[in-house]
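Values below: every heavy atom of this structure, side chains too, minus hydrogens, waters and symmetry copies. The structure displayed is predicted, hence computed values, not measured ones.
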Amino acid sequence: MSTKPRVVVVGAGAFGGWTALFLRRQGARVTLVDAWGPGNSRASSGGETRVIRATYGPRAVYTRMAARALTLWKEHERRWHRQLFHGIGVLWLVESDEQYEKAALPILRDANVRFEELTGAEVARRYPQINCDRVRWAIFENDGGYLTARRACAAVLEGFLAEGGEYRQLAAQPLPATGGTLSSIGLSDGSQLTADQFVFACGPWLGALFPDVLGERIRATRQEVFFFGAPAGDQRFTETALPVWADHGTPFMYGIPGNEWRGFKVADDTRGPVIDPTTESRMPSPEALKTARAYLGYRFPALKDAPLLEARVCQYEESPDEHFIIDRHPAAANAWLVGGGSGHGFKHGPAVGELVARLVLGGAAPDEQFRLSRFAR
């Protein structure tokens, strides 16, 4: 064991948890650290559900990554004997601006992602509960769907521990690097962890941990999610009758039916105000509820007066260009910064973890699109 590298991963969310797991599988001695636990209510990976989809406009790197991630999600469902993925499909509704969806079509084909192009009339016939008056056409991703977020984070931790990983629930603070190397981090109980390599996958806290390198390049934005109740016995708004849907207009609204009986989820993808993820009150706002309810009444008229069952305030961890950040710390070659999920990172967790483990242990350079140097251009 003395020849195996020791790696500390800070952050047990979608990026950090999967990275720790894949590092462990490649033979590293891994300690995973998180201040509040995987999928906690402050985390970007918290909450009930997340969409998994491969339509990404012209950004082919994420289509390929989503396809790989889906394969890994399914593999781990079988390995762990628990359902984390609900393959109910994803429906992209197109009203006016179609550039994003048109750009995605050849990339989806190249990545061998199964999908259908539907006319507005075909969508209306297939899903009469959707108001399709202005829908011109749509993409239906056959293999898309949704993931159970909080539960998946817990499953990854359980899998990591079962394979010999170590977990410590403490806050971490990197200590100053010397000679281009980070030797240890401080923990909130006064102890320190030393390692050969470090991975900081700290979600919305990444910028605060590394203000000189990242600072405002990682911003936490307030995002509100609402769950509405369908009429008793009405199956039209469950996942047996509807797919995940994405309305890529202004604003960009999306939602998930059913959510394992939790309710009909509606969310606005518009970036909210910048918040402190540690101290922010998680009380939903009347303004955001009004927006969600107005949209619900327009797109799903039968739910116009549906009761609000539950609401949640989470956050995105935004990078300036919404690309991920996966790169070495410029002053410490053995410290990796992994973040910038930008509201679309959760689904990619296993693919990011696999990639980062390979970079950390293999010494390769990350993709140019993920490197810090792009901010200097």
Side-chain angles (χ1 to χ4, degrees), residues 7-17 19-20 31-36 40 42-46 168-195 197-223 271-281 314-345 352 356 359-360 365-377:
V7 185
V8 169
V9 178
V10 181
F15 287 178
T19 295
T31 301
L32 178 62
V33 180
D34 195 281
W36 290 290
N40 70 82
R42 285 183 172 99
S44 296
S45 297
R168 300 187 68 180
Q169 192 158 308
L170 294 165
Q173 183 67 44
L175 299 176
T178 57
T181 300
L182 182 67
S183 60
S184 61
I185 61 170
L187 300 177
S188 53
D189 65 353
S191 65
Q192 294 185 9
L193 276 176
T194 60
Q197 299 278 347
F198 296 86
V199 178
F200 295 92
C202 308
W205 294 276
L206 195 58
L209 276 178
F210 299 98
D212 295 342
V213 177
L214 292 173
E216 292 299 312
R217 288 172 180 151
I218 295 285
R219 303 190 310 158
T221 61
R222 180 184 170 96
Q223 308 296 142
R271 274 44 177 173
V274 175
I275 63 169
D276 181 333
T278 301
T279 61
E280 178 71 8
S281 169
C314 53
Q315 73 267 324
Y316 291 165
E317 36 152 329
E318 282 287 295
S319 73
D321 55 7
E322 298 182 9
H323 275 304
F324 299 160
I325 294 170
I326 302 173
D327 203 355
R328 298 176 190 270
H329 190 291
N334 66 330
W336 288 81
L337 309 180
V338 180
S342 303
H344 67 100
V352 168
V356 174
L359 293 172
V360 170
D367 189 300
E368 284 288 337
Q369 295 175 89
F370 302 147
R371 298 190 70 174
L372 291 166
S373 57
R374 74 185 192 261
F375 297 125
R377 291 195 289 268

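In this structure a side-chain-to-backbone donor-acceptor pair under 3.5 Å is present from Ser342 to Gly340. Listed for the Arg374 side chain is a donor-acceptor partner under 3.5 Å among the backbone atoms of His323. A donor-acceptor pair is defined here as one N or O able to donate and one able to accept, closer than 3.5 Å; no such pair exists between the side chain of Ser45 and the backbone of Gly13. Between the side chain of Arg222 and the backbone N or O of Pro273, no donor-acceptor pair lies under 3.5 Å. Put simply, the side chain of Asn334 gets close to the backbone of Leu182: a donor and an acceptor are under 3.5 Å apart. Judged purely by atom type and a 3.5 angstrom limit, Gln192 has no side-chain atom pairing as donor or acceptor with the backbone of Gly186.
Put simply, CG on Leu170 and CH2 on Trp36 are 12.0 Å apart, with the number rounded to the nearest 0.5 Å. Here the straight-line distance linking atom OG of Ser44 with atom CD of Gln223 works out to 9.5 Å at 0.5 Å rounding. Between the CG atom of Leu214 and the OG atom of Ser319 there is a distance of 10.0 Å, given to the nearest 0.5 Å. If you take CD1 on Ile275 and CD on Gln315, they are separated by 5.0 Å, rounding to the nearest 0.5 Å. Interatomic distance, CG of Leu187 versus CG of Leu193, reported as 4.5 Å (0.5 Å rounding). The structure places CG of Asp34 at 8.5 Å from SG of Cys202, a figure rounded to the nearest 0.5 Å.
When all heavy atoms of Asp367 and Arg371 are compared, the closest pair comes out as O-CG, 3.2 Å. Taking both residues in full, the closest heavy atoms of Ala172 and Ile185 are given as CB-CD1, 3.9 Å, listed atom of the first, atom of the second, then distance. Across all non-hydrogen atoms, the minimal contact from Ser191 to Arg168 is OG-NH2, 3.7 Å. Shortest non-hydrogen contact noted between Ala20 and Leu32 is CB-CD1, 4.1 Å. Here the shortest heavy-atom pairing between Asp327 and Leu372 reads OD2-N, 2.9 Å. In this structure, Ala195 and Val8 approach most closely via the heavy-atom pair CB-CG2, 3.7 Å.
Just one of Phe210, Phe198, Phe200 meets the ring-ring contact (aromatic ring centres under 6.0 Å, His included) condition when paired with His329; it is Phe210.
Pro320 places a side-chain heavy atom less than 4.5 Å from the side chain of Arg217. In this structure, Glu368 and Ser373 have side chains that are in contact, with non-hydrogen atoms separated by less than 4.5 Å. Contact check for Glu322 versus Tyr316: no side-chain heavy atoms found under the 4.5 Å cut-off.
Counting heavy atoms of neighbouring residues, nucleotides and ligands inside a 6.0 Å radius, atom CZ of Arg219 does not exceed 12 of them.
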